Amino acid sequence: MKNKTIPLALLAIFLSTTTMAQKIPQLNAKNIDQVISAMTLTEKAQLLVGGGNSGFVGSGAMLGHQEKLVAGAAGITVAIPRLGIPATVLTDGPAGVHINPTREGTSQTFYATGFPVGTCLASTWNTNLVEKVGKAIGNEVLEYGCDVILGPGMCLQRNPLGGRNFEYYSEDPIVTGIIGTAMVNGIQSQGVGTSPKHFAVNSQEGDRTRVDEQVSQRALRELYLRGFEIMTRNSHPWTVMSAYNKVNGTYCQGNKDLLTNVLRKDWGFNGIVMTDWIGEREDLPVSQEVAAGNDLLMPGYPVQVEDIEKAVKEGKLSMADVDRNVRNMLEYIVKTPRFRNYKFTNKPDMKAHATVTRQAATEGMVLLKNDEQTLPIRNLKTVALFGVNSYDFFSGGLGSGCVNVPYVVNMVQGLKNANISTTPQLTEIYTDYIKYAKAKLQADKNPEMWFLDQGQPKLDEISVTKRCIEHEQPQADAAIITIGRQAGEGMDRSIDGDFNLSQQEQDLISNVSDIFHAAGKKVIVIINSGSSIETASWRDRVDAILVAWQPGEEGGNSVADVLTGKANPSGKLTQTWPISVNDVPSTKNFPQQPDYYNLTEKLAYKVVPGINFTKHNEDIYIGYRYFDTFRKKVAYPFGYGLSYTTFAYGKPTVKAHGDQIEIRVTVKNTGKTAGKEVAECYVTAPKGAYEKPAKELKAFAKTQLLSPGQSETLKMTVAKRDLASFDEAGSQWKADAGTYIFGVGSNVEDIKGTASLQVSEYTEKVTNSLAPKAPLQLLRQK
């Protein structure tokens, strides 16, 4: 065989190509600068624009890099194989992983655990338990091949009508920040990321993509941004999601004050900022978004890549800003499971996670009323179960925050599992109606009602005649009525028939109570809602009220655990329940949209009056800060919740240790049942140069399960800076020197004891950011 020789020209080309290939860096945590230097402008722009997923046309298609990595996930970042940059997967949340349960080419189902909604989790006031839930959620993110979950929801519940209140934790920023910290820490302990949202002031869903939230700098800093700040400083989320709306005239997604000055300079955030899923805006240049500090534009469209390149070439966007954002993206990518080539299983431990969600839900439920120790129920074998949502129990809310769960335990199943049966005829009536109502809903569905395919829609309540109730009464030992409420993305709540009970619901409660009470039998109401409802007009007619919230897939079991005493309720309200929604000062400036059908086009063209801007004239007086300061009566105060046992509080003590203030209080179980108690610490500031609420929550702690007679000394810590208010004139946090009163109690209206401490002045300068451009008529004390 003859020897074959390689021509010198061909050898030169081969060596040259090999050398060039060797010079192309492959991404790792230590060569990010080198990778940035090797990237083309197009590749840099690509990395800053999402790759799309779940039906979105992503920018990755331009380079042939787009693929559906996880069916039903919200989106992906673009892969650049030439440089060893993988795509990463972003999945919706926050009550669990939102992905499709079915996929082409396999018979396997990919259900995710439905965990309790944010309001329910916050109502536990138990950071260890919330972190445990976070770990379970994070594990499902990991094992389903995702890198980041879009949550937790960190906005304030400004008004009871807010459509996404169920995703958020509280009307109070301290509760929001502390619970949010626990959730982020839990999720990210699994090696995946979070994207706390919606940054910032996503206070309404009406015209949410363009509404201008007009709010004072003080209210922004002390309330709307404070929870985000606490969470950011203490849990270091991988990403933050910028909101659709404007704040004081500038879109959050192009707001440098918000995304750079506040988030990065003032708070030290070093992750990535991604937009909420909006695409290209006609009135917000992509170059402004990039320059403002938005590192990732989602869901990503090819034109946005072109816009970035064009803006750089025309000098409208600096390469320094582009490279800064690219660096942030690469620093994020090297942390992800995709980059680590994690071999996900697609089989998380759903059984173990169901146990977690059941426990968390029971601890978040709030007992509002319990006359004559109606609960826990004893010696009940059969109940008459009224209300559509007894049979179609809501596990979560609507929209992107819903979860495709394997099952939802309704009240019938939960009671049956606790050896309590339901009267057969009534159960048959409701069960048959629900089949009909669901079929009719799909047949009548308006195409714009996209949210009805994202969760469980609310079915119309049915009228139950007195004759029917009279038929059921002899067969039952008690009556249970479930009142359900549903809300979600893109839709705020209405007052009539939503916050207020419908006439059918009022009649149901009235008639059931009259007939069952006449026979000496109890009536119990279960509230299956992610938000508050009106109770003052009907609560005196029933014997017990339990707020179950939207407690996840194990909901019926969790309710039954509380009703039967297997679990002692220890949840406390994280929002004030007003007598009337019109008692809430923000209601005057909150959109009223009773009809959500056919609104999309109208909203886009701003023909619905009064919603394309919202004035936050209530200023710092949100929730209990208003009701407590102005001494307005409420249905149930912030922090309220009953137990099956009783607790006594010792006298609190307070001591300063440098810049940290320590509060101690001993709590004793004085009843006959084991239980947990939440101690809430409220601080009254000395009179200074500007007015303040009568008192503000600054810390809280929850006992372990205390046996009868057992005590526990709780320790709470408040940083000196946490006593400060925001001084707009000086762009600073300022705590006046003087005597601060620390009150510890079971709710904002029930302070058990106080201690005082002399505190020296504290100041902390921050950037002068987010000043309002429109006049506000701020609420003030007389």
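Computed from a predicted model, the values in this text were never measured in an experiment.
Using a 4.0 Å cut-off between charged side-chain N and carboxylate O, Lys702 and Glu712 make no salt bridge. Salt-bridge check for Lys752 with Asp750: passed, with a basic side-chain N closer than 4.0 Å to an acidic carboxylate O. We find that Lys369 and Asp543 are not joined by a salt bridge, their nearest charged nitrogen and carboxylate oxygen being 4.0 Å or further apart. A salt bridge does not link Glu534 to Arg539: none of the charged nitrogens lies less than 4.0 Å from a carboxylate oxygen. Ion pairing of Asp583 with Lys632 is absent here, as no side-chain N (NZ or NE/NH1/NH2) approaches a carboxylate O to less than 4.0 Å. Salt bridge present: Asp514 and Arg541 bring a charged side-chain N and a carboxylate O closer than 4.0 Å. In summary, Arg467 and Glu470 do not engage in a salt bridge, as defined by a charged side-chain N under 4.0 Å from a carboxylate O. Taking the charged nitrogens against the carboxylate oxygens, Glu489 and Arg208 do have a contact shorter than 4.0 Å, which makes a salt bridge.
Counting heavy atoms from C-beta on, the side chains of Ser531 and Pro160 never come closer than 4.5 Å. Side-chain atoms of Val748 and Thr576, non-hydrogen and from C-beta on, never get closer than 4.5 Å to each other. At a threshold of 4.5 Å between non-hydrogen side-chain atoms, the residues Lys633 and Ile579 count as touching.
Checked by atom type, the side-chain pair Lys668/Gln710 shows no donor-acceptor distance below 3.5 Å. Checking Asn159 against Ser586 by side-chain atom types alone, a donor-acceptor pair falls below 3.5 Å. Counting only N and O atoms by type, the side chains of Glu171 and Thr574 include no donor and acceptor under 3.5 Å apart. Defined by atom type and a distance below 3.5 Å, a donor-acceptor pair is missing between the side-chain atoms of Glu553 and Thr113. Side chains of Thr673 and Asn568: no donor on one and acceptor on the other come within 3.5 Å. Between the side chains of Tyr624 and Asn747, no donor N or O sits under 3.5 Å from an acceptor N or O. With no hydrogens or angles considered, no side-chain donor-acceptor pair links Gln359 and Glu554 at under 3.5 Å. A donor atom on one side chain and an acceptor atom on the other are not found under 3.5 Å apart for Gln504 and Glu461. Between the side chains of Thr670 and Thr646, at least one donor N or O lies within less than 3.5 Å of an accepting N or O.
Distance CG/Leu697 to CZ/Arg625: 7.5 Å, rounded to 0.5 Å. Leu459 CG to Lys440 NZ: the interatomic distance, rounded to the nearest 0.5 Å, is 11.0 Å. For the atom pair Phe394 CZ and Cys402 SG, the distance stands at 12.5 Å (nearest 0.5 Å). How far CZ of Arg485 is from CG of Asn165: 14.5 Å, rounded to the nearest 0.5 Å. Annotation: the span from Ile526 atom CD1 to Ser390 atom OG amounts to 8.0 Å, rounded to 0.5 Å. Atoms CD1 and CD1, from Ile515 and Ile469 in turn, are 4.5 Å apart once rounded to the nearest 0.5 Å.
When the side-chain hydrogen bond (donor to acceptor under 3.5 Å, both in side chains) test is applied to Thr382, the partners found at least two apart in sequence or on another chain are Ser421.
No donor-acceptor distance shorter than 3.5 angstrom exists from the side chain of Trp549 to the backbone of Val117, with no hydrogens or angles considered. Within the 3.5 Å criterion, the main-chain N or O of Thr423 finds no donor-acceptor partner in the side chain of Gln475.
Taking the six-membered ring where tryptophan is involved, the planes of Tyr391 and Tyr430 are essentially parallel, since the angle between them stays under 30° and well short of 60°.
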Test side-chain hydrogen bond (donor to acceptor under 3.5 Å, both in side chains) on Glu677 and Ser570 and set out the steps. CA-CA 6 Å; Glu677 172 68 340; Ser570 62; over 6 Å; no
Assess whether side-chain hydrogen bond (donor to acceptor under 3.5 Å, both in side chains) is satisfied between Glu363 and Asn126, documenting all intermediate values. CA-CA 9 Å; Glu363 194 156 328; Asn126 186 335; 2.7 Å; yes
side-chain hydrogen bond (donor to acceptor under 3.5 Å, both in side chains) between Ser400 and Arg164: does it pass, once the steps are laid out? CA-CA 11 Å; Ser400 61; Arg164 294 182 90 164; 3.3 Å; yes
Take Ser395 and Gln456 through the side-chain hydrogen bond (donor to acceptor under 3.5 Å, both in side chains) test and state the conclusion after the steps. CA-CA 8 Å; Ser395 62; Gln456 301 166 263; 3.2 Å; yes
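Residue pairs satisfying the side-chain hydrogen bond (donor to acceptor under 3.5 Å, both in side chains) criterion with at least one member in residues 409-420, sequence neighbours excluded, are listed as follows: Asn417-Asn557. Among residue pairs with one or both ends in residues 377-405, those qualifying as salt bridge (charged side-chain N to carboxylate O under 4.0 Å, His left out) are Asp392-Lys438; sequence neighbours excluded.
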